[in-house]
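Reading through the structure tokens given below for one structure.
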Amino acid sequence: MGAAPCSTDSGGYQVFSLAANRKLTEEGAIFRSHIDGSKHLFTPEKVIDIQREIGADIIMAFDECTPWPCDHKYALGSMELTHRWLDRCVGRLHTTEPLYGGDQMLFPIVQGAVYTDLRRASAEKIASKEMPGNAIGGLSVGEPAEVMYEMLEVVNGILPADKPRYLMGVGTPANILEAIARGVDMFDCVMPSRNGRNGMLFTHDGIINIRNQRWASDFSPVDAGSDSEISRTYSKAYLRHLVISGEMLGAQIATIHNLSFYLSLVREAREKILDGTFGSWKEETVRRISERA
RNA sequence: GGGGAGAUACCAAAGUGGCCAACUGGGGCAGACUGUAAAUCUGUUGUCUGAAGACUUCGUAGGUUCGAAUCCUGCUCUCCCCA
């Protein structure tokens, strides 16, 4: 067994999340440092160079993750910019080499906000690059989940099914199962870690806010249904105590628990797909894990 | 025994005649967080009510006043210093 593959992002999400501190130009995005006010220009070429240097197995194209809401005109212009940047990323990829041997796969990113025509056009553009995998971006930025699912159906009707389809930044356990049902293969998300740090736990019995007093004297395991030793060893009462007390260990246990929950969730999804029972399992599971415990 | 300080909501702690149902912090309750500038942020927290509003609170019993958490008197309790 080799080391697990790793990936890096391009900074396209920061074009969205740090919008207040950046300026967009054809050349790239200029970010202003919140630390010393200095300017930093990120271009498609530079972003590829940086990811070459880091050496991740999967690297991402530089894009603009559009905000929500976002009108059609803006979404169109943004998508076209992302497409031009993509051409430049691919150009740079082909004129440079991995620095540490092995191979680096560039995933282009579909944009188009919540507009079917744009999503379709973008998916076609992205697929035409014939990269080893394709990503879907610009979703889970505030739009209703149903809209996101609709966009996934449009996009995945175009992106090749025999290559990984990576939905960026998603999401809740339910989001993930719904996306899998619509053909998505890969995910990444801060939710299990950030929400875990903030006391939100995803368990086999539903969602719980471990800070709530109702867990103060509940000495049952964090998640008895878990396959993670951490989740089965520590009690809810103890974890709550740690989190309430501001102990770093609380955030650590909560994060490890959530991560293990996500991992076992997708592992089980894979098994259900293979034995042909994913559909019914998904319906039942989404219901169970979305409820407050 | 002598001298001094103090008792405010779950806790701590402001307020020292009307703008006080009472600052602020903690705690409680609830919510948010989705390609991580986030171990963060928001709301709420006397009772009744959907709300307007009404009602009862600042150790306790009286008093002064149009009006008292705030002023006066007695009582109870706590803390500190000296002996």
Side-chain angles (χ1 to χ4, degrees), chain A residues 6-22 29 31-38 40 42 47 51 56 58-68 82 106-111 126 133-149 151-152 164-179 184-202 207-217 239-256 258-259 261-262 265 290 292:
Chain A
C6 64
S7 66
T8 47
D9 195 10
S10 61
Y13 186 70
Q14 281 61 42
V15 172
F16 159 79
S17 67
L18 304 182
N21 296 308
R22 57 82 176 149
F31 291 92
R32 190 173 282 283
S33 167
H34 70 287
I35 297 169
D36 61 5
S38 57
H40 303 269
F42 285 72
V47 157
Q51 295 186 91
I58 296 170
I59 63 179
M60 303 306 299
F62 194 44
D63 66 336
E64 179 190 5
C65 175
T66 47
W68 188 86
T82 287
L106 175 66
F107 282 28
I109 306 171
V110 174
Q111 287 295 337
I126 268 56
N134 298 292
I136 304 160
L139 292 174
S140 68
V141 289
E143 80 286 357
E146 286 308 321
V147 172
M148 171 169 75
Y149 300 152
M151 293 302 119
L152 290 180
R165 293 186 287 212
Y166 163 27
L167 176 56
M168 305 188 75
V170 173
T172 65
N175 287 161
I176 288 175
L177 295 188
E178 294 296 351
V184 173
D185 306 291
M186 290 173 57
F187 303 87
D188 81 287
C189 193
V190 305
M191 189 168 275
S193 52
R194 178 187 293 166
N195 288 33
R197 287 198 300 277
N198 294 333
M200 184 179 189
L201 304 183
F202 301 97
I207 295 168
I208 73 178
N209 181 347
I210 199 65
R211 293 173 309 173
N212 290 171
Q213 183 168 36
R214 57 181 294 206
W215 311 114
S217 299
L239 177 56
R240 175 179 181 278
H241 158 73
L242 291 174
V243 170
I244 293 277
S245 307
E247 284 287 347
M248 197 60 216
L249 181 59
Q252 292 173 318
I253 292 171
T255 300
I256 292 170
N258 276 348
L259 252 14
F261 178 85
Y262 270 62
L265 185 71
S290 301
R292 289 322 265 218

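Worth saying up front: this structure is predicted, and the values here are computed from it rather than measured. Values below: all heavy atoms of this structure, side chains included; hydrogens, waters and symmetry mates excluded. The chains referred to below are lettered A, B, ... by the order of the sequence lines, with proteins before strands, and numbering in each begins at 1.
Counting non-hydrogen atoms under 4.0 angstrom, A:Ser17 reaches the backbone sugars and phosphates but no base. Using a 4.0 Å heavy-atom cutoff across all strands shown, A:Met60 reaches no nucleic acid atom at all. Across all strands shown, A:Ile109 has heavy atoms under 4.0 Å from base atoms, whether or not it also approaches the sugar-phosphate. Note on A:Gln111: a base of the nucleic acid sits closer than 4.0 angstrom, heavy atoms only. Residue contacts for A:Gln14: at a heavy-atom cut-off of 4.0 Å it reaches the sugar-phosphate backbone alone, with no base atom in range. Nucleic acid contact for A:Asp188: sugar-phosphate only, since backbone atoms but no base atoms lie under 4.0 Å from a heavy atom of the residue.
In this structure, A:Arg194 reaches the B:U34 phosphate: one of its side-chain N or O atoms is under 4.0 Å from OP1 or OP2. Taking only side-chain nitrogens and oxygens, A:Arg22 never comes nearer than 4.0 Å to OP1 or OP2 of B:A37.
Of all nucleotides present, only B:C77 satisfies the Watson-Crick or G-U wobble test against B:G6, with each distance under 3.5 Å. Pairing for B:A32 goes to B:U40, judged as Watson-Crick or G-U wobble with the two contacts each under 3.5 Å. The pairing partner recorded for B:G1 is B:C82, the criterion being a Watson-Crick or G-U wobble arrangement whose two distances lie under 3.5 angstrom.
Nearest to the side-chain atoms of A:Ser140 among the listed nucleotides B:U34, B:A39, B:G35 stands B:U34. Here the side chain of A:Arg292 is nearest to one of B:A30, B:A39, B:A32, namely B:A32. Between B:A37, B:G35, B:G31, one nucleotide has an atom nearer to the side chain of A:Asn209 than all others, and that is B:G31. Considering only side-chain atoms of A:Leu18, the nucleotide from B:A37, B:G28, B:U36 that sits closest is B:A37. Distances from the side chain of A:Asn198 to the nucleotides B:G31, B:U34, B:C33 place B:C33 closest.
Nearest-nucleotide positions on RNA chain B for A:Asn195 and A:Ala20 put A:Asn195 closer to the 5' end.
Note: A:Phe202 and A:Phe261 have parallel aromatic rings, judged against thresholds of 30 and 60 degrees for the angle between ring planes.
Contact annotation: side chain of A:Arg211 to base of B:G28, donor-acceptor pair absent below 3.5 Å. You'll find a donor-acceptor pair under 3.5 Å spanning the side chain of A:Asp63 and the base of B:G35, going by distance alone. For B:A37, the base has a donor-acceptor partner in the side chain of A:Asn21 [N/O atoms by modelled type, under 3.5 angstrom].
Atom name C1', nucleotides B:A14 and B:U24: the rounded distance is 7 Å, in whole Å. One C1' atom belongs to B:U64, the other to B:G50, and the distance between them is 42 Å to the nearest Å.
Atom pair A:Arg197:CZ and B:C41:C1' shows a separation of 13 Å (rounding to whole Å applied).
Annotation: the span from A:Asn198 atom CG to A:Ser193 atom OG amounts to 9.5 Å, rounded to 0.5 Å.
Contact between A:Phe31 and A:Leu18 at its shortest, heavy atoms only, is CE2-CB, 4.2 Å.
Without hydrogens or angle criteria, A:Arg240 side chain to A:Asn212 main chain gives a donor-acceptor distance under 3.5 Å.
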